[in-house]
Amino acid sequence: MRHITLLTDFGTREGGDAVMKGVIWRIVPGNPIADLSHQVAPQNIREAAMVLERIAPYFPDETVHVVVIDPGVGTKRRAIAARFGNQFFVGPDNGVCTPLLERAERAGAPIEVVVLDNPEYWNEEVNPIFHGRDVFAPCGGHVAKGIPLGKMGTPITDIIRLKPPEPAIINGVVQGEISHIDYFGNIITNIKHEVIKPLRPVVVRVGGVELHDLVTTFGDRPVGDLIALNSPTHYVMVSVVNGNAAKRLSVNIGDRVEIVPQTR
Amino acid sequence: MRHITLLTDFGTREGGDAVMKGVIWRIVPGNPIADLSHQVAPQNIREAAMVLERIAPYFPDETVHVVVIDPGVGTKRRAIAARFGNQFFVGPDNGVCTPLLERAERAGAPIEVVVLDNPEYWNEEVNPIFHGRDVFAPCGGHVAKGIPLGKMGTPITDIIRLKPPEPAIINGVVQGEISHIDYFGNIITNIKHEVIKPLRPVVVRVGGVELHDLVTTFGDRPVGDLIALNSPTHYVMVSVVNGNAAKRLSVNIGDRVEIVPQTR
Amino acid sequence: MRHITLLTDFGTREGGDAVMKGVIWRIVPGNPIADLSHQVAPQNIREAAMVLERIAPYFPDETVHVVVIDPGVGTKRRAIAARFGNQFFVGPDNGVCTPLLERAERAGAPIEVVVLDNPEYWNEEVNPIFHGRDVFAPCGGHVAKGIPLGKMGTPITDIIRLKPPEPAIINGVVQGEISHIDYFGNIITNIKHEVIKPLRPVVVRVGGVELHDLVTTFGDRPVGDLIALNSPTHYVMVSVVNGNAAKRLSVNIGDRVEIVPQTR
């Protein structure tokens, strides 16, 4: 048995997410399915890539991640299925799986990608604007069932890669940006903690304020304090203890973040 | 094993949906349960009927759909369980299942409806305002377990039918209305594509604009374009490519839609 | 097999809830997991306690409730696992499980509580601000697998207890407060129906209005009427038939509620 996850921008109000479960269960009855999220901002591939990157490694080996953020549905964009090391991916070829691909490459793990061009594994009728239901859900179900990728499509090696903006180091200043604002209002930057670790103690500049080095956890400071810390996925993050940092600083995704060594 | 789905207007914040899973699992431990939606607008039977109609056919044979939109809870409204062809329904008798009933009738499939009047299949204590937890969840669990409907209640043939407004054709003009605005802001009309197919190419009038015939998919036009197309459930739909058509046109559910053949 | 539930304040947008399922499934593949809620107001232990109290008793015996409302993550607050009668609890020691504990005490049911201090049952790497993923999910999975609590930690007897405000009876007036406003806008008080039962018929005062005794269910009055009734969890509740009472009365959680016997 292979676990399945679903990640879409469909919302949960109208059942666009649920119908995929129905299609999957017709192929693998009762198969365990977890919703990663259905509330990714519409068409936001980058946000979905971040959610997928953070969560996929914690799922059991052989889990099948069906990821449908699909602004190009019905166009020439390709539908793919892939093995990236010990995890499977099914979805549009739009770069959302780049982090899984690169992790497998770094680990020297097996990688296999096919274009889903064998209609035998789709729904009988394929609607041109709902491939989530008619192509990706049934193909995800068939991967979970153990159908080899090679039967479902044609191998390719030119998968699309998404390159999010990387921080630069200019004159000793690490210049990055806000890549995400989470549900609690925590500000997540695109600066890996390992990049600034050798420079510590540091000053973190964001939204017009300066924070003096990082703390370990929220409880290190009183409620209401603005702090920087290392996020659970190892990026520099700015938070308010039991509060909302993004609101406090009135910042948005894409805003500049700078980190410099403290002058002694 | 029979799959179960849940469709309610309870929201997902307070566990009114989750408690139904607990009740079901006491009867059929670990039974697969999918949430169709718990965010139907409060007491909106018509919206729930649309979600159910769109999704139920994609679920495996013998799936049990527990649907609790229940403005009449605690009154004389009847609680029912039904077989409509290869799917089961459990919920208040309020017309929400009319599309499933009519599909089964058109197909000449077996139909069986009972009033759930045998308390042996309810929770021991039945709260007068939470039949979702105390009547429908346990009855749904028992149907999933394979208890025959005839044991759970008394057969009836006068089930309530919900008749949504149908489009009219007056002087060659198809006059319908907006029946739904989806999560992405797509405008779904109550005009079946098959009705206007013989008239094509057509002009679609809605929210003060005219659209010249339908396109096949979003990718046929540039981002930001206003388009008409055939929805995944085969109704005429108006969209903005990668945008929000309802906001663009400032329209609401119930607003008029007209479709006429193009004059050449 | 032991069912698992999850109750957090993580929201459902970013997968903080889903990653816990991945961790659990690595330990107990395919184990049934129900989401009680992930939309508890951030850090609101009292709201979570109420959801847990209302729902837990309806789940099968031996269900494992993983409850992560954790403003103290990374501080000295303890992580605990417990058996309260026929249900298990895993989460921070913050009083959220007080109702389960007290119910077990009243029933004279077995109670066992341990501090989760055996890292053998945690994730290999434990992030200081995400114990939901790295401590509570894996420990919940291990409890579901049947690992005895005594192997996972050290017994304690000084678990933290949360004491919500209790109503007082002063000069024959039951003085309570609004403890919750639910998804439909129903106003739930902290006054148990059994307390006012001997005083009936009563007058209920809230938000500047007086309601004359309780009705049995919504259908007893016309749509739009303001009514008092006994909630499904046996507290006095104020509602508008098919409407939103909290909006109608402009009241908030914590606002005063008074109940007095009717003068004849």
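Residue numbers start from 1 in every chain, and the chains themselves are labelled A, B, ... in the order their sequence lines are given, proteins ahead of strands. No experiment lies behind these values; they were computed from the predicted model shown.
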**Item:** Candidate list B:Val236, B:Val238, B:Ile191, test side-chain contact (heavy atoms from CB on, under 4.5 Å), partner B:Val257, passing option
**Value:** B:Ile191
**Message:** Looking at every heavy atom in both B:Asn94 and B:Ile69, which two are closest together, and how far apart are they?
**Reply:** ND2-O, 2.7 Å
**Asked** Hey, which residues of residues 112-139 of chain A are touching chain B, say heavy atoms under 4.5 Å apart?
**Response** A:Asn123, A:Glu125, A:Asn127, A:Pro128, A:Ile129, A:Phe130, A:Arg133, A:Asp134
**Asked** Is there any residue in residues 45-57 of chain B with a non-hydrogen atom under 4.5 Å from a non-hydrogen atom of chain A, and which ones are they?
**Response** B:Glu47, B:Val51, B:Arg54, B:Ile55, B:Pro57
**Asked** How about residues 219-235 of chain B versus chain A: which residues have heavy atoms under 4.5 Å apart?
**Response** B:Gly219, B:Leu229, B:Asn230, B:Ser231, B:Pro232, B:His234
**Request:** Could you tell me which non-hydrogen atom of B:Thr98 sits nearest to which non-hydrogen atom of B:Gly95, and how far apart they are?
**Result:** OG1-O, 2.7 Å
**Fill in**
So CZ of B:Phe89 and OG1 of B:Thr5: to nearest 0.5 Å the spacing works out to 10.0 Å
**Message:** Is A:Pro29 close to chain B through its backbone or its side chain, or both, or neither, when contacts mean heavy atoms under 4.5 Å?
**Reply:** both
**Request:** Enter the distance from A:Asp17:CG to B:Tyr183:OH here, rounded to the nearest 0.5 Å.
**Result:** 10.0 Å
**Asked** Closest heavy-atom contact between A:Arg26 and B:Asp61?
**Response** NH2-OD1, 3.6 Å
**Request:** Inspect the surroundings of CD in A:Glu166 and state if more than 12 heavy atoms from other residues, nucleotides or ligands are less than 6.0 Å away.
**Result:** no
**Candidate pair A:Asp93 and A:Arg77, rule salt bridge (Lys or Arg N to Asp or Glu O under 4.0 Å), full reasoning** = CA-CA 7 Å; A:Asp93 178 26; A:Arg77 74 95 184 88; over 6 Å; no
**Item:** No-hydrogen, no-angle side-chain donor-acceptor test under 3.5 Å, B:Asn186 and B:Ser239
**Value:** yes
**Prompt:** So what's closer than 4.5 Å to chain A heavy atoms on B:Phe184: side chain, backbone, both or neither?
**Reply:** side chain
**Request:** May I ask you to test the B:Phe59-B:Gln87 pair for a side-chain heavy-atom distance under 4.5 Å?
**Result:** yes
**Nearest-0.5 Å distance that lies between atom SG in A:Cys97 and atom CZ in A:Arg161** = 9.5 Å
**Fill in**
Closest heavy-atom pair, B:Gly16 versus B:Val19, reported as atoms and distance to 0.1 Å, is O-CG1, 3.4 Å
**Asked** Less than 4.0 Å between a side-chain N and a carboxylate O, is that true for A:Arg2 and A:Glu62?
**Response** yes
**Item:** Heavy atoms of other groups near B:Lys192 NZ, more than 12 under 6.0 Å
**Value:** yes
**Part of residues 35-44 of chain B lying next to chain A, heavy-atom separation under 4.5 Å** = B:Asp35, B:Leu36, B:Ser37, B:Gln39, B:Ala41
**Request:** Walk me through it: do B:Asp182 and A:Arg13 pass the test salt bridge (Lys or Arg N to Asp or Glu O under 4.0 Å)?
**Result:** CA-CA 9 Å; B:Asp182 79 11; A:Arg13 178 164 180 176; over 6 Å; no
**Message:** Just to verify, which of A:Val143, A:Leu100, A:Ile4 counts as forming a side-chain contact (heavy atoms from CB on, under 4.5 Å) with A:Phe88?
**Reply:** A:Val143
**Prompt:** What pair of heavy atoms forms the shortest contact from B:Trp25 to B:Asn31, and how long is it?
**Reply:** NE1-O, 2.9 Å
